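Quick caveat, the model's predicted, so the values are computed rather than measured. Numbers here simply count residues along the sequence, with the first being 1.
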Amino acid sequence: MNELNVQYVNGAWHLGHGDDLRPICQNRVPVAAFSAGWRPRSAVAVSDLLVVLALRNEDGKQAAWFLDRNYEFRTNTAAELPEDARLHLSGIGQQVMAKVAMTL
């Protein structure tokens, strides 16, 4: 597992390390804003194929986005991930969620 920086740069949300930042995308478009009240809080690269982005709403609700290795949104429901990603996540899911929760 590898923690990633979450930053708002040049009108879009980005992930990465140091100066090596790439945009979070949905339908190949950089995400400039999340739904009302939602903000990204932390991100963890679970494997070479899966990144978990933790989101928090101003009312305290929490959610997760599951991104591919290019930081492209895939789903916000773990059950919709490909089987290999679900299996990998199930093996380390508690560790990932604990690491993500520390930053919320």
Side-chain angles (χ1 to χ4, degrees):
M1 284 186 298
N2 192 8
E3 291 185 51
L4 300 168
N5 295 327
V6 182
Q7 295 182 25
Y8 192 78
V9 179
N10 297 325
W13 287 99
H14 289 68
L15 296 177
H17 298 285
D19 293 334
D20 182 23
L21 297 172
R22 290 180 285 147
I24 299 168
C25 293
Q26 189 172 26
N27 298 316
R28 298 186 188 139
V29 176
V31 175
F34 290 88
S35 296
W38 288 96
R39 289 189 55 125
R41 292 294 184 198
S42 63
V44 177
V46 177
S47 69
D48 290 340
L49 302 175
L50 181 63
V51 173
V52 179
L53 177 67
L55 303 161
R56 186 178 180 108
N57 192 281
E58 58 194 27
D59 66 8
K61 293 179 186 172
Q62 299 175 42
W65 272 20
F66 298 97
L67 313 173
D68 67 15
R69 75 176 102 211
N70 297 312
Y71 308 151
E72 176 76 27
F73 173 81
R74 290 297 169 218
T75 184
N76 58 3
T77 305
E80 294 178 5
L81 291 169
E83 183 177 359
D84 58 337
R86 282 195 321 270
L87 290 172
H88 188 78
L89 188 60
S90 69
I92 61 169
Q94 289 181 342
Q95 295 172 18
V96 170
M97 296 319 291
K99 188 170 276 225
V100 166
M102 289 187 326
T103 63
L104 293 175

Check your understanding: Between CH2 of Trp65 and CG of Asn76, what distance do you get to the nearest 0.5 Å?
Key -> 8.5 Å

**Study point:** Residue list, side chain to side chain contact (heavy atoms under 4.5 Å, CB included) with Glu72, at least two apart or on another chain
**Key:** Cys25, Arg28, Asp68, Arg74

Review point. Closest approach of Phe34 and Trp38, non-hydrogen atoms and distance?
Key: CB-O, 3.6 Å

Practice item. Taking the side chain as every heavy atom from C-beta outward, state whether Val6 and Arg41 have any atom pair closer than 4.5 Å. Key: no

Revision key, fill the gap. Heavy-atom nearest pair, Val52 first then Ala64, reads CG1-CB, 4.2 Å

Check your understanding: Leu50 versus Phe66: any side-chain heavy-atom pair under 4.5 Å?
Key -> yes

Review point. Can you tell if the side chain of Leu4 reaches within under 4.5 Å of the side chain of His17, non-hydrogen atoms only?
Key: yes

Revision key, fill the gap. Nearest heavy-atom contact between Gly11 and Ala32 is O-CB, 3.2 Å

Check your understanding: Angle class for the Tyr8/Trp13 ring planes (parallel below 30°, perpendicular above 60°, tilted otherwise)?
Key -> perpendicular

**Study point:** Whether over 12 other heavy atoms sit under 6.0 Å from Asp59 CG
**Key:** yes

**Study point:** Trace of the side chain to side chain contact (heavy atoms under 4.5 Å, CB included) decision for Ile24 with His14
**Key:** CA-CA 5 Å; Ile24 299 168; His14 289 68; 5.9 Å; no

Point to revise | Single hit among Leu53, Leu21, Asn5 for side-chain contact (heavy atoms from CB on, under 4.5 Å) with Leu15 | key: Leu53

Review point. Which heavy-atom pair separates Arg69 from Asp48 by the least distance, and what is that distance?
Key: CB-O, 3.0 Å

Practice item. Carefully, step by step, assess Phe73 and Val31 under the rule side chain to side chain contact (heavy atoms under 4.5 Å, CB included). Key: CA-CA 10 Å; Phe73 173 81; Val31 175; over 6 Å; no

Check your understanding: Has the side chain of Asn27 got a donor or acceptor atom that lies under 3.5 Å from a matching backbone atom of Val29?
Key -> no

Check your understanding: Counting only N and O atoms by type, is there a donor-acceptor contact under 3.5 Å from the side chain of Ser47 to the main-chain atoms of Leu49?
Key -> yes

